[in-house]
Colleague: 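Just dropping this structure here.
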Amino acid sequence: MAIRVQREDFDVGTEIAALTDENPRIGGVTSFTGLVRDMTEGAQTSAMTLEHYPGMTEKMLAAIDAEAHDRWPLEASLIIHRYGRLEAGDRIVLVIAASPHRDDAFEACRFLIDWLKTRAPFWKLEESLNGSSRWVEAKEADDDAAARWNANDGNKRAG
Amino acid sequence: MAIRVQREDFDVGTEIAALTDENPRIGGVTSFTGLVRDMTEGAQTSAMTLEHYPGMTEKMLAAIDAEAHDRWPLEASLIIHRYGRLEAGDRIVLVIAASPHRDDAFEACRFLIDWLKTRAPFWKLEESLNGSSRWVEAKEADDDAAARWNANDGNKRAG
Amino acid sequence: MKILYFAWLRQRTGIGEEEITMPTAVRDVATLIDWLKLRGPNFAEALEDTSAIRVAVNQEFATLDTELSGTEEVALFPPMTGG
Amino acid sequence: MKILYFAWLRQRTGIGEEEITMPTAVRDVATLIDWLKLRGPNFAEALEDTSAIRVAVNQEFATLDTELSGTEEVALFPPMTGG
């Protein structure tokens with residue numbers, strides 16, 4: 001029910017508490033935090049710059065979020081996606097889904113991150129050690145993960 | 001790689017940060033937080049007391065945690081389970097799994113909470129409105145959720 | 001040998017933890033429960049339906065036919081409801 | 001009409017955002033791309049492999065045959081790599 005696109009870092013505990021406080025119908029909260037992984041085997045810090053499409057990003061994240069609420073009985077949800085330059089270990093993305101029951105919280109959270117990977121207009125430019133940079137290529141595995149949610153209409157529920 | 005059984009509350013953000021700081025091999029962190037759900041439809045605050053088996057609880061949680069590390073390539077994990085009297089909205093349990101890839105983080109986190117529901121020696125005594133109390137009965141759905149991880153040996157990986 | 005009772009088994013027996021000297025007739029969990037039931041109506045009632053009881057021997061899950069020689073600690077409790 | 005380029009499409013064309021007046025021959029995304037390619041070698045090269053390009057029309061995902069009449073904004077970009 002909330003999406004944010006921002007340069008700034010976020011705190012997972014604060015965000016979960018903000019979603020769950022004052023809502024005692026929530027029994028389970030699943031969160032996923034994506035971090036910049038060090039690809040250089042510790043030789044040096046990796047860094048990347050996340051570019052996005054302002055305007056469309058917000059629209060797509062809101063649409064993905066609405067879809068999750070349509071599929072699962074969620075009490076609350078949140079998507080935060082950062083942009084700009086990030087270094088190894090930095091948080092990139094946060095997805096939270098809160099529901100009376102843990103199954104729904106888990107499935108909705110997984111759906112949100114899978115979907116976001118292929119539908120949210122972000123692009124990663126990785127810096128390499130010699131000062132050059134390259135655009136990260138989309139992974140087929142991410143397309144497959146997102147497609148799973150299309151095929152599986154058994155998960156679709158009345159809103 | 002860490003388990004805690006405690007009366008005290010916990011902060012999810014602090015725990016995630018403690019697991020992930022200084023480990024840039026982590027690309028994804030999944031957390032599940034279980035909360036005391038209000039069963040009284042808002043008429044009044046629900047409360048319960050969690051009893052456990054000191055000694056065996058720690059052994060079982062450590063065994064469940066080790067099993068998750070055996071099945072998935074995790075960089076870090078944490079289980080915190082509270083005991084004592086808790087009120088609606090209070091946090092009961094926290095499970096965190098951190099891995100290079102999100103699939104493993106999600107599956108390990110789900111495994112840990114499913115397994116913990118049926119293998120960790122905790123019992124919930126719910127207070128009802130008239131001052132009486134009753135022991136929560138185990139749910140068949142929880143047994144089924146845990147059993148899923150036995151049947152599915154395809155998930156089993158070399159440590 | 002130490003016997004522990006949890007949740008409604010603790011409430012119905014009125015005991016959380018006790019030290020017992022096992023009679024020689026008690027070989028396994030099933031015969032231990034039979035013997036405990038003889039100790040009074042509260043024990044007989046609490047332990048009547050063994051399908052509702054879970055057992056741990058030396059803090060490991062056990063079954064009715066788990067043998068008890070050398071056992072230090074037996075715990076009796078209902079199915080668990082944590083998480 | 002506004003045209004936006006992201007990621008390596010922005011780098012190769014050398015343009016992030018531009019305002020164009022569409023020739024009447026441009027009816028859909030495919031003919032727009034054909035027309036843009038005529039504007040110079042950097043455009044021709046960046047837009048050569050349309051299988052590597054994703055399109056949004058008025059901030060909604062579109063395909064090569066999406067019609068452009070009444071369109072305010074077209075964006076061209078590679079497959080997304082967020083999350």
Side-chain angles (χ1 to χ4, degrees), chain A residues 3 5 32-37 48-64 79-84 86 91-95 109-126 132-146, chain D residues 1-20 22 28-29 32-33 36-37 41-83:
Chain A
I3 62 127
V5 183
F32 177 80
T33 311
L35 304 165
V36 180
R37 202 150 56 92
M48 62 166 67
T49 299
L50 264 156
E51 179 174 331
H52 79 113
Y53 182 175
M56 184 167 172
T57 305
E58 290 80 357
K59 272 173 82 166
M60 290 309 302
L61 295 186
I64 293 165
I79 303 172
I80 301 178
H81 205 306
R82 294 177 71 188
Y83 63 91
L86 298 171
R91 282 170 281 267
I92 306 174
V93 63
L94 172 65
V95 171
C109 186
R110 183 82 179 260
F111 166 84
L112 286 169
I113 186 68
D114 283 352
W115 216 229
L116 187 155
K117 290 235 167 203
T118 60
R119 306 286 290 179
F122 285 91
W123 301 275
K124 290 185 182 125
L125 181 66
E126 266 179 9
S132 71
S133 58
R134 65 169 199 94
W135 292 98
V136 174
E137 283 185 43
K139 289 195 206 102
E140 210 175 306
D142 286 333
D143 286 332
D144 294 345
Chain D
M1 189 169 70
K2 193 194 282 184
I3 313 275
L4 300 161
Y5 305 87
F6 291 100
W8 54 257
L9 276 151
R10 176 177 53 72
Q11 288 186 321
R12 291 189 199 167
T13 60
I15 291 175
E17 182 176 332
E18 60 177 341
E19 197 68 38
I20 63 157
M22 259 204 320
D28 54 20
V29 171
L32 172 66
I33 289 175
L36 290 169
K37 281 161 78 173
N42 52 335
F43 283 89
E45 188 217 350
L47 300 169
E48 189 175 2
D49 179 10
T50 51
S51 75
I53 297 174
R54 299 292 175 270
V55 187
V57 171
N58 290 339
Q59 303 189 355
E60 303 275 355
F61 288 113
T63 56
L64 290 175
D65 58 7
T66 300
E67 305 225 353
L68 293 178
S69 69
T71 293
E72 287 167 20
E73 186 170 312
V74 174
L76 302 168
F77 44 78
M80 292 150 291
T81 56

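Residue numbers start from 1 in every chain, and the chains themselves are labelled A, B, ... in the order their sequence lines are given, proteins ahead of strands. Note that this is a predicted model, so its numbers are computed, not measured.
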Colleague: Do A:K59 and A:T57 make a side-chain contact, defined as non-hydrogen atoms from C-beta onward lying under 4.5 Å apart?
Modeller: no
Colleague: Mind telling me whether D:F6 and A:W123 have parallel, tilted or perpendicular rings, with 30° and 60° as the class edges?
Modeller: parallel
Colleague: Do you know which of A:Y83, A:F32, A:Y53 has the most heavy-atom pairs with chain D at a distance under 4.5 angstrom?
Modeller: A:Y53
Colleague: Is a salt bridge present between D:R10 and A:E51, judged by a nitrogen-to-oxygen distance below 4.0 Å?
Modeller: yes
Colleague: Does the pair A:R134/A:E126 count as a salt bridge with the N-to-O cut at 4.0 Å?
Modeller: yes
Colleague: Using only non-hydrogen atoms and a strict under-4.5 angstrom cutoff, which residues of residues 43-57 of chain D touch chain A?
Modeller: D:A56
Colleague: Under a 4.5 Å cutoff for heavy-atom pairs, which residue among A:V136, A:I79, A:L125, A:L116 has the most contacts with chain D?
Modeller: A:V136
Colleague: Take D:V74 and D:K2 through the side-chain contact (heavy atoms from CB on, under 4.5 Å) test and state the conclusion after the steps.
Modeller: CA-CA 6 Å; D:V74 174; D:K2 193 194 282 184; over 6 Å; no
Colleague: What option among D:A75, D:A7, D:P78, D:P79 has the most heavy-atom pairs under 4.5 Å with chain A?
Modeller: D:A7
Colleague: Would you compute the distance between atom CG of D:L32 and atom CG of D:L76 and round it to the nearest 0.5 angstrom?
Modeller: 6.5 Å
Colleague: Starting at CD of D:E18, measure out to OH of D:Y5 and round the result to the nearest 0.5 Å.
Modeller: 4.0 Å
